[in-house]
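For reference, the structure is listed below as structure tokens.
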Amino acid sequence: MPSEVQAWAADRAKVLAPSTLRNLVGLLRSIYAAAVLDRLVGRSLVVRVSLPSAHRERIVPLTVDQVRALAEAIPARNRAMVVTQAGLGLRLGELLALRVQDVDFASRLVRIEWQFAPQSKVRTEPKTPRSRRTVPLPKIVAVALREHIAAFPPADDGTIFTTRFAGPYRHDYYGSLIFGAAVRKAGLPESITTHDLRHHYASVLLMQGESVIVVAERLGHENATLVLSTYGHLMPDSEERTRRAVDEAWGCAPGVPQSEGTPS
């Protein structure tokens, strides 16, 4: 009965994210629709299912000064990791798997071809086909990488960021212990994670006028939809553009209220 489907959805809502639950209900709805077409059931039971809102809090990206504070608070061996992730917009697994041969200092480009999955030190292909990408190498990242490589030689396989035992970092060891300690030392909110450096990168590109399509490519997203839904509020002068768009459509000069014909 539909009430049973609603009860199941309500129970799952206690342990699943709203977006995940919405996808599951969508899948169940498709299964029932196919069953109706094949005349296996008379009607679909997935109707008018009430789901929790998928509203997400607006992202407030780290400022350049906050990223600098993190880089200063973290041990010297990890300083370039902060600058590289903030300057290239990498996922944590992509950062940890970065190799010397992936960085073309002459062409000022970086190839993102591998990642370390959580709880693993074995390279695997990135999250999606679009995650395999080439991103521009900013000067500040190039300098940080050169200095890091000179001070902390890469592993035999080219891994740039290694522990003092010359092995790669695991997600939890770097992300929770080392980066987490730097967050506290820098006096930043404890909710800050390495992924916030990726948000910082996206915000910098948008504030400098890069299109959402370009930002999606740099981040390795499949399309620009996620960029718009996640970072759209960070696009420069969006509020003023909204006012101007409506005023121009109604024939109002910017900044000049129209008094004639206005209801009293």
Side-chain angles (χ1 to χ4, degrees), residues 1-61 85 89-95 97 112-120 122 124-133 135 171-172 175-176 191-203 205-206 210-235 238 241-242 245:
M1 298 177 64
S3 60
E4 293 177 318
V5 175
Q6 180 62 68
W8 168 81
D11 179 68
R12 292 293 84 197
K14 299 175 182 177
V15 294
L16 297 176
S19 58
T20 302
L21 179 58
R22 194 169 297 273
N23 289 338
L24 283 177
V25 172
L27 176 60
L28 185 60
R29 182 177 288 114
S30 298
I31 293 172
Y32 264 98
V36 171
L37 289 175
D38 290 339
R39 298 183 179 179
L40 297 175
V41 296
R43 63 189 178 88
S44 174
L45 302 182
V46 190
V47 291
R48 298 181 182 177
V49 180
S50 178
L51 298 173
S53 172
H55 170 75
R56 66 171 70 179
E57 294 295 326
R58 280 191 169 189
I59 287 174
V60 179
Q85 191 172 14
L90 306 183
R91 299 178 177 93
L92 178 55
E94 296 168 347
L95 173 75
I112 310 303
E113 298 182 344
W114 302 101
Q115 69 167 358
F116 285 142
Q119 309 303 321
S120 174
V122 177
T124 57
E125 292 188 355
K127 185 177 180 180
T128 65
R130 284 293 184 91
S131 295
R132 299 190 73 165
R133 62 199 187 277
V135 296
H171 282 237
D172 53 354
S176 299
S191 59
I192 298 297
T193 70
T194 59
H195 204 73
D196 284 285
L197 296 178
R198 185 167 156 86
H199 292 325
H200 165 82
Y201 176 78
S203 71
L205 297 191
L206 288 171
E210 284 284 21
S211 71
V212 292
I213 294 177
V214 169
V215 175
E217 291 178 350
R218 300 287 185 256
L219 293 174
H221 288 320
E222 289 296 315
N223 54 61
T225 302
L226 182 58
V227 173
L228 278 173
S229 63
T230 306
Y231 307 109
H233 63 288
L234 299 177
M235 296 178 73
S238 59
R241 281 204 309 272
T242 298

- Message: Can you give me the closest heavy-atom contact between Tyr201 and Leu219, atom names plus distance?
- Response: CD2-CD2, 3.8 Å
- Polar side-chain atom of Arg218 near backbone of Val135 as donor-acceptor pair, under 3.5 Å: no
- Scanning both residues in full, the closest heavy-atom pair of Val5 with Leu45 reads CG2-O, 3.7 Å
- So which heavy atom on Gln85 is nearest to which on Leu197, and how close? OE1-CD1, 3.5 Å
- At what distance, to the nearest 0.5 angstrom, does CD1 of Ile192 lie from NE2 of His200? 12.0 Å
- Give a yes or no on whether the backbone of Thr20 and the side-chain of Asn23 come within a donor-acceptor separation of less than 3.5 Å. no
- Compare every heavy atom of Pro126 with every heavy atom of Glu113, then report the nearest pair and how far apart it is. O-CD, 3.2 Å
- Item | Qualifying residue, where the test is side chain to side chain contact (heavy atoms under 4.5 Å, CB included) with Tyr32 and the options are Val47, Leu40, Val46, Leu37 | Val46
- Note on the structure: In Glu94, Arg91, Gln115, the residue satisfying side-chain hydrogen bond (donor to acceptor under 3.5 Å, both in side chains) with Ser131 is Arg91
- Side-chain contact, heavy-atom cut-off 4.5 Å: Ser120 with His171? no
- Note on the structure: Exactly one candidate in Arg130, Glu125, Arg132 meets side chain to side chain contact (heavy atoms under 4.5 Å, CB included) with Thr128; the answer is Arg130
- Quick one: CG on Leu21 to CG on Leu51, what's the gap to the nearest 0.5 Å? 5.0 Å
- Message: With a 4.5 Å cut-off on side-chain heavy atoms, are Leu92 and His195 touching?
- Response: no
- Item | Leu27, CG atom: more than 12 neighbouring heavy atoms under 6.0 Å | yes
- In short, Arg43 meets Pro2 closest at the heavy-atom pair NH1-CG, 4.1 Å
- Of the non-hydrogen atoms in Leu24 and Trp8, which two are nearest, and what is the gap between them? CB-CH2, 4.2 Å
- Query: If you measure from OG on Ser203 to CG on Asp196, what distance do you get to the nearest 0.5 Å?
  - Reply: 10.0 Å
